[in-house]
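All ligand and atom numbering here is 1-based and tracks the order in the structure. In this text, all values refer to a predicted model and were calculated from it rather than measured experimentally.
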Amino acid sequence: MWLDGMQRALGGEADSDVPCGGCTACCTSSQFVHIEPDEVGTLRRIPAPLLFPAPRMPKGNVLLGHDENGHCPMLVDDECSIYEARPRTCRVYDCRVFPATGVELDDEAKLAIARRARRWRFDHPAAIDQLEHDAVRAAATFIREHEDLLPEGAAPTNATQHAVLAIRMHDAFVDPDETGPFN
Ligand code: SF4
């Protein structure tokens, strides 16, 4: 199900399986794309002047910025010009985390992502799927209402971090009374 795919991508085990269908909203929304030092193939493909050191991160971590229109400079004719070597950040990005968690993406520069994300619908073929989705939303609500209870440094600083944290934490919110051998 979609949640398994999302978790595998967030865990670095697989690329995101989001069916973009030609949508480039995340490439045109003023994003700073983080690239880690081990992404050698990616770094080789991006002109050095387009990269700058990532603030508050160890040496070697860089960000790929955007042009004055908020477009990634590697987007050419509405397609990623380095698709097969695109950064890990792009590989795991999944705009479905917003509607899945109920977290609103309210940054004006990212409205195109928010608009596209609102169109996603989720299926729940088995009872456990609905339970897990409820747990994802409960985790997002908990994070919103009890940020002070999170470990130091764990509180999200933007909507994406909030949604991703809810996906990561949702296991703790699955109601044990509702899970059983037939779920
Ligand atoms: S590197 Fe490619 S996939 Fe990533 S934001 Fe730029 S154009 Fe989009």
Inset, instruction - Run the salt-bridge test on Glu84 and Arg45 with the 4.0 Å N-O cut-off and return the result as yes or no. - result: yes
Inset, instruction - Look only at the side chain of His162 and the backbone of Ala140, and say whether a donor-acceptor pair between them is shorter than 3.5 Å. - result: yes
Inset, instruction - Evaluate the ring planes of Trp2 and Phe122, with Trp represented by its six-membered ring, and classify them as parallel (under 30°), tilted (30 to 60°) or perpendicular (over 60°). - result: tilted
Inset, instruction - For the residue pair Phe32 and Phe52, categorise the inter-ring angle as parallel (less than 30°), tilted (30 to 60°) or perpendicular (more than 60°). - result: perpendicular
Legend entry - Residue that, paired with Cys95, satisfies side chain to side chain contact (heavy atoms under 4.5 Å, CB included) out of Ile113, Thr160, Leu105: Ile113
Legend entry - Count, waters excluded, of protein N, O or S atoms under 2.8 Å from atom 6 (Fe) of ligand 1: 1
Legend entry - Note: Arg8-Asp17 ion pair, threshold 4.0 Å (strictly below): no
